[in-house]
Amino acid sequence: MSTIGLNPIFSIVFSTTKSLASSAATPIHRFATVPSSSYSSVSCLRRRRSGGFGRIYSTAATEMGGVTDSTMDAVQRRLMFEDECILVDENDKVVGHDSKYNCHLMEKIEAENLLHRAFSVFLFNSKYELLLQQRSATKVTFPSVWTNTCCSHPLYRDSELIEENYLGVRNAAQRKLLDELGIPAEDVPVDQFTPLGRILYKAPSDGKWGEHELDYLLFIVRDVKFNPNPDEVADAKYVNREQLKEILRKADAGEDGLKLSPWFRLVVDNFLFKWWDHVERGTLSEVVDMKTIHKLT
């Protein structure tokens, strides 16, 4: 990951956006709401305004709600200002970019309907167990919750903007598996990721922070060794179906303070177990649907 040496207190963040020609609408399906006992307060989404998007100038000390958050971990603060997320419309067309900080401020999400591209990796071993991670306590959004193998964002850079065969998202997934779990790139070749579908959701985290993502769901079956980065991951473990069902039960009951990320719970409730059948049978290609964007509310 490149370091650009921003001083977040005095910097001005420039977010360049561009208008795009209108295109045919992508089908959007709606599914049921996630139980409130998990971290899954998911709201309906407003349609993004059509037309052009101008250059945005956001002064750190005013527009960005106080950069010098004393509670923000130094590593997370650096990533919040150095990483530029890809802004998209509800049909997944790129409309610009903005800092990770801005993209996760609920105030800006609500005021400007900022929607960014994301991915969620579901990595299974040869015993068809799913690798889960517990997010680090220092994460800005959804700290300490359990979630799927890896969840992050393709960045606004050439290698992660490639649309053909979803290569940009695959490249980002490979990068973050190394960053978060220490899994070498050669152990997770980009051509081994199967993009199964896309979901669109919005979920507040703690009032100030939240998510508003168009999330690519990537499945991969590989035997890997992992070494979690403590700045990103508190714990990681493989689970089978029954073990995951017990985790869901505890999350619903509020036992042991166990919570799940909202995007993971949405995927579990709507897709995961039927897709797991196809993982075991080697028939994932039968359930691939990259034409539909599932709006989960």
Side-chain angles (χ1 to χ4, degrees), residues 1 75 79 83 117-139 142-155 157 159-160 162 165-199 215-248 260-261 263-265 267-268 271-288 290:
M1 186 174 298
V75 172
L79 296 176
D83 286 357
R117 189 175 285 170
F119 66 83
S120 290
V121 173
F122 292 75
L123 186 150
F124 296 82
N125 62 19
S126 58
K127 296 190 289 185
Y128 305 117
E129 296 170 321
L130 174 61
L131 181 59
L132 302 183
Q133 67 155 276
Q134 183 183 28
R135 290 163 65 85
S136 168
T138 63
K139 298 288 282 186
F142 304 101
S144 301
V145 307
W146 282 91
T147 192
N148 50 285
T149 311
C150 181
C151 333
S152 192
H153 319 93
L155 300 181
R157 57 176 62 165
S159 63
E160 298 183 12
I162 302 170
N165 295 321
Y166 317 106
L167 183 57
V169 175
R170 296 175 196 237
N171 285 337
Q174 186 186 66
R175 170 178 59 83
K176 286 303 292 182
L177 284 167
L178 176 61
D179 287 350
E180 295 191 1
L181 291 163
I183 300 174
E186 57 268 24
D187 288 353
V188 282
V190 293
D191 62 358
Q192 294 299 301
F193 292 103
T194 300
L196 284 186
R198 293 173 291 176
I199 65 173
D215 194 7
Y216 285 66
L217 308 179
L218 306 177
F219 275 47
I220 185 170
V221 181
R222 303 284 290 185
D223 285 320
V224 300
K225 293 181 180 179
F226 57 89
N227 181 26
N229 172 2
D231 289 323
E232 298 282 350
V233 177
D235 196 6
K237 63 182 179 181
Y238 283 103
V239 297
N240 59 31
R241 292 173 188 247
E242 295 308 311
Q243 290 168 331
L244 178 56
K245 289 177 181 177
E246 177 62 11
I247 289 172
L248 298 176
L260 304 177
S261 73
W263 58 88
F264 180 50
R265 190 59 193 257
V267 175
V268 168
F271 306 111
L272 181 59
F273 288 108
K274 66 180 180 181
W275 286 351
W276 207 320
D277 292 336
H278 288 276
V279 170
E280 294 179 354
R281 294 199 299 262
T283 56
L284 274 177
S285 61
E286 294 180 7
V287 290
V288 170
M290 293 303 293

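The chain is numbered in sequence order, starting from 1.
Between Asn171 and Val190 the shortest side-chain heavy-atom distance falls below 4.5 Å. In this structure the side chain of Phe271 never reaches within 4.5 angstrom of the side chain of Val287, judged on heavy atoms. Counting only heavy atoms from C-beta outward, the side chains of Asp191 and Asn165 never approach each other to under 4.5 Å. Contact annotation: the side chain of Val279 never approaches that of Phe122 to less than 4.5 Å [non-hydrogen atoms, C-beta and beyond]. Leu244 is listed as a side-chain neighbour of Trp276, based on a closest heavy-atom distance under 4.5 Å. Between Lys139 and Glu232 the shortest side-chain heavy-atom distance falls below 4.5 Å. For the pair Trp263/Asn148, a side-chain contact is recorded, criterion being any heavy-atom separation below 4.5 Å from C-beta on. For the pair Leu178/Ile183, no side-chain contact is recorded, criterion being any heavy-atom separation below 4.5 Å from C-beta on.
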| task | Could you go through the side-chain contact (heavy atoms from CB on, under 4.5 Å) check for Ile247 and Leu260 one step at a time? | result | CA-CA 9 Å; Ile247 289 172; Leu260 304 177; 3.8 Å; yes

| Test side-chain contact (heavy atoms from CB on, under 4.5 Å) applied to Trp275 and Leu217, step by step | CA-CA 11 Å; Trp275 286 351; Leu217 308 179; 3.7 Å; yes

| task | Could you give me the CA-CA distance, side-chain angles and deciding distance for Phe273 and Lys245, then say whether side-chain contact (heavy atoms from CB on, under 4.5 Å) is met? | result | CA-CA 10 Å; Phe273 288 108; Lys245 289 177 181 177; 3.9 Å; yes

| Could you go step by step and tell me if Leu132 and Phe264 meet the side-chain contact (heavy atoms from CB on, under 4.5 Å) rule? | CA-CA 10 Å; Leu132 302 183; Phe264 180 50; 3.7 Å; yes

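Here Asp277 pairs with Arg241 in a salt bridge; the nearest charged N to carboxylate O distance falls below 4.0 Å. Salt bridge absent: Lys176 and Glu160 never bring a charged side-chain N and a carboxylate O closer than 4.0 Å.
When all heavy atoms are compared, the tightest approach of Leu177 to Cys150 is CD2-CB, 3.7 Å. Taking each heavy atom of Phe119 and His153 in turn, the nearest pair found is CE2-N, 3.6 Å. Residue Gln134 comes nearest to Ser144 through the heavy atom pair NE2-O, 3.1 Å, listed as atom of the first residue, atom of the second, then distance. The two residues Pro143 and Ala137 make their nearest non-hydrogen contact at CB-O, 3.5 Å. Of all the heavy atoms in Ser159 and Ile162, the pair that sits closest is O-CD1, 3.7 Å. Nearest heavy atoms, Met290 versus Leu196: SD-C, 3.7 Å.
Every side chain to side chain donor-acceptor pair (under 3.5 Å) that Glu180 has, sequence neighbours left out, goes to Gln133. For Thr149, there are no side chain to side chain donor-acceptor pair (under 3.5 Å) partners, not counting sequence neighbours. For Glu246, the side chain to side chain donor-acceptor pair (under 3.5 Å) partners are Arg249, not counting sequence neighbours.
A donor-acceptor pair under 3.5 Å is absent between the side-chain atoms of Gln192 and the main chain of Ile220, judged by distance alone. Here the side chain of Glu129 pairs no donor or acceptor atom with the backbone of Asn240 at under 3.5 angstrom. Asp187 contributes no side-chain N or O that, together with a main-chain N or O of Val224, makes up a donor-acceptor pair within less than 3.5 Å.
Separating the CZ atom in Phe193 from the CZ atom in Arg222 is a distance of 9.5 Å, to the nearest 0.5 Å. Distance check, rounded to the nearest 0.5 Å: CZ of Arg135 to CZ of Phe142 gives 8.0 Å. In this structure, CG in Asp215 is found 7.5 Å from SG in Cys151, a value given to the nearest 0.5 Å. Within the model, atoms CZ of Arg265 and CH2 of Trp146 stand 16.0 Å from one another, a figure rounded to the nearest 0.5 Å. Going from atom CD1 of Ile199 over to atom OH of Tyr216 covers 12.5 Å, rounded to the nearest 0.5 Å.
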